[in-house]
Amino acid sequence: MAALIDGTALAERMTQETAARVAQLSSQHGIVPGLAVILVGEDPASRIYVDRKVRQAGKAGVRSFEHRLPADTDQEMLLGLIAACNADDAVHGILVQLPLPPQIDSARVLDAIDPRKDVDGFHPVNVGRLSTGTGGLVPCTPLGCMRLLETVIEDFRGLKAVVIGKSNIVGKPVALLLLDRECTVTITHIRTRALPEIVRTADILVAAAGSPGLVQPDWVKPGAVVIDVGINRVRGIDGKARIVGDVVREGMGHAAAITPVPGGVGPMTIACLLANTVRAAERHGV
Ligand code: NAD
């Protein structure tokens, strides 16, 4: 039977550690880490994510500054807000919830964030730092994947890792983190040929395609560790909506360990966001 890697429990432990670091920063340096959370528009999923981030920030003692802007916000106005957050010493981290409405150029907005406050790790400076292994802030979901893997893998060196998905948010950065740990990494995507055969070679599989039930049990090598990043809303035969991952979990008993959806990578993403915010405050606020 594959072990379940409990992301909810690990995220809870990480948030407690973050809270302890917040208390130390506050007592030793009089600094309360601050996170600016910017949401443009009314997208229901984005609102849920932002609410969760703000709630978890409160639990860890991180102060959040919420900016909820209308869907017709123009780019200059948003850039002005980011400039104000960049200049505000009470703000150590800036998070712009994606996706942004079509009239806004997301790349320009992300580029405008001070890289030292870029707690999502999407700024080109942090992307460059990740690819050269020279520090910087690392994207939260990939960081969460690594923390989950570390609970079941002691030595990553030489392991074969396969990543499904090549997005800037998940696939590419998680591949770089695995490479940094000296795994042999293959990145696959929608155009990859013979995907099942490639996945069968993996000691570590990270599935981040956004395709419900893509990975079948017979694609997974016995003893592999499987991280399911996918969050897919599907309707069951009873007509009820539910969330499923990219991996079919039934019949996966031959894997060594697997993350559930929900309760795997999802909670870790927020825990890593808060850890990044405190890291930014420790580095540049003190
Ligand atoms: P994306 O759409 O930007 O990228 C998806 C990638 O998967 C692309 O590179 C595409 O080529 C590849 N892909 C799609 N279908 C495929 C298939 N059938 N075979 C092989 N490759 C395929 O998505 P993203 O932002 O990287 O997110 C991926 C998934 O992870 C989504 O379900 C998303 O909701 C989820 N996600 C979860 C968290 C979390 O906190 N748990 C965070 C971010 C994203």
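Values in this document were obtained by computation on a predicted structure and should not be read as measured data. Numbering of ligands and ligand atoms starts at 1, following listing order.
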Chemist: Atom 44 (C) of ligand 1: which protein heavy atom is closest, and how many Å away?
Modeler: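 Here the nearest protein heavy atom works out to V170 CG2, 3.9 Å.
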Chemist: Using a strict threshold of under 4.0 Å (side-chain N to carboxylate O), is an ion pair present between E150 and R147?
Modeler: yes
Chemist: Closest non-hydrogen protein atom to atom 13 (N) of ligand 1, residue and atom name please, with distance?
Modeler: A209 CB, 3.7 Å
Chemist: Are L143 and V119 linked, directly or through other ILVMFWY residues, by side chains that come within less than 4.5 angstrom of each other?
Modeler: no
Chemist: Taking only heavy atoms of N232, which atoms of ligand 1 are found under 4.0 Å from at least one of them?
Modeler: 32 (O)
Chemist: Could any protein non-hydrogen atom be found less than 4.0 Å from atom 15 (N) of ligand 1?
Modeler: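 Answer yes: something from the protein, a heavy atom, is under 4.0 Å.
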Chemist: Could you check atom 6 (C) of ligand 1 against the protein and tell me its nearest heavy-atom contact, residue, atom and distance included?
Modeler: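 The closest heavy atom on the protein side is G165 CA, 3.5 Å.
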Chemist: With the side chain counted from C-beta on, respond yes when V234 and R242 share a heavy-atom pair under 4.5 Å apart, and no when they do not.
Modeler: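 Yes, at least one pair of side-chain atoms sits under 4.5 Å.
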Chemist: Hey, which atoms in ligand 1 end up nearer than 4.0 Å to a heavy atom of I164?
Modeler: 20 (C), 21 (N)
Chemist: Say whether V229 and ligand 1 are in contact under the criterion: heavy-atom distance to a ligand atom below 4.0 Å.
Modeler: yes
Chemist: So between I231, V244, L273, whose heavy atom ends up nearest atom 32 (O) of ligand 1?
Modeler: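 Answer by nearest heavy atom: I231.
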Chemist: Nearest protein heavy-atom contact for atom 10 (C) of ligand 1: which residue, which atom, what distance?
Modeler: I190 N, 4.0 Å
Chemist: Using modelled atom types only, decide if a donor and an acceptor are shared between the side chain of R116 and the backbone of L137 within a distance under 3.5 Å.
Modeler: no
Chemist: Does Q103 use its side chain to pair, donor to acceptor, with the backbone of T73 at less than 3.5 Å?
Modeler: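 The answer is yes, because a donor-acceptor pair under 3.5 Å joins these two groups.
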Chemist: Just to confirm my output: which protein heavy-atom neighbour is closest to atom 1 (P) of ligand 1, and how far is it?
Modeler: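 So the nearest neighbour among protein heavy atoms is S167 CB, 4.1 Å.
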Chemist: Between the main-chain N or O of G213 and the side-chain N or O of D246, is there a donor-acceptor pair closer than 3.5 Å?
Modeler: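 No: the side chain of D246 does not pair with the backbone of G213.
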Chemist: For K160 and T201, does a side-chain donor sit closer than 3.5 Å to a side-chain acceptor?
Modeler: yes
Chemist: Report the nearest protein non-hydrogen atom to atom 31 (C) of ligand 1: residue, atom name, distance rounded to 0.1 Å.
Modeler: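 Protein heavy atom with the smallest distance to atom 31 (C) of ligand 1: G210 CA, 3.6 Å.
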Chemist: Could you list the atoms of ligand 1 found under 4.0 angstrom from a heavy atom of H189?
Modeler: 11 (O), 20 (C), 21 (N), 22 (C)
Chemist: Between D246 and ligand 1, does any nitrogen or oxygen pair lie at a separation below 3.5 Å?
Modeler: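 No; every N/O pair is 3.5 Å or more apart.
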Chemist: Under 4.0 Å from a heavy atom of A208: which atoms of ligand 1 are those, numbered in the order shown and with their elements?
Modeler: 5 (C), 6 (C), 7 (O), 28 (C)
Chemist: Pull out every atom of ligand 1 sitting under 4.0 Å from any heavy atom of L214, numbered as shown with elements.
Modeler: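 By the 4.0 Å cutoff, the relevant atoms are 17 (C), 18 (N), 19 (N).
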Chemist: Does ligand 1 have an atom under 4.0 Å from some heavy atom of G266?
Modeler: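 Contact check G266 vs ligand 1: positive.
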Chemist: Do the side chains of L177 and L205 join up, straight or via other hydrophobic residues, at under 4.5 Å, putting them in one cluster?
Modeler: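 Cluster IDs for L177 and L205 differ.
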Chemist: Hey, does the side chain of D114 reach the backbone of N86 with a donor-acceptor pair shorter than 3.5 angstrom?
Modeler: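 Side chain of D114 to backbone of N86, a donor-acceptor pair under 3.5 Å: no, none is there.
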Chemist: Can you pull out the closest protein heavy atom to atom 8 (C) of ligand 1? Residue, atom name and distance to 0.1 Å, please.
Modeler: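 Ranked first by proximity to atom 8 (C) of ligand 1 is K166 N, 4.0 Å.
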Chemist: Is there a side-chain contact between N168 and V127 in this structure, where contact means two heavy atoms from C-beta onward sitting under 4.5 Å apart?
Modeler: no
Chemist: Considering only the protein, which heavy-atom contact is closest to atom 40 (O) of ligand 1, and what is its distance?
Modeler: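 Answer for atom 40 (O) of ligand 1: T269 OG1, 2.7 Å.
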Chemist: Can you check whether T188 has an N/O within less than 3.5 Å of an N/O in ligand 1?
Modeler: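 The answer is no, given that T188 and ligand 1 share no N or O pair closer than 3.5 Å.
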Chemist: If we only consider heavy atoms of T192, is any one of them less than 4.0 Å away from an atom in ligand 1?
Modeler: no
Chemist: For T18, which of L273, N276, V278, T277 qualifies under side chain to side chain contact (heavy atoms under 4.5 Å, CB included)?
Modeler: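 Per the side chain to side chain contact (heavy atoms under 4.5 Å, CB included) rule, the option paired with T18 is V278, out of L273, N276, V278, T277.
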Chemist: Of all the atoms in ligand 1, which lie at a distance below 4.0 Å from a heavy atom belonging to V265?
Modeler: 41 (N)
Chemist: Check each atom of ligand 1 against the heavy atoms of L195 and keep those under 4.0 Å away; list them by number with element.
Modeler: 19 (N), 20 (C)
Chemist: If you group Ile, Leu, Val, Met, Phe, Trp and Tyr by side-chain heavy-atom gaps below 4.5 Å, do I31 and V22 land in one group?
Modeler: yes
Chemist: Indicate yes or no: does R13 engage D6 in a salt bridge with an N to O separation below 4.0 Å.
Modeler: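 No salt bridge links R13 with D6.
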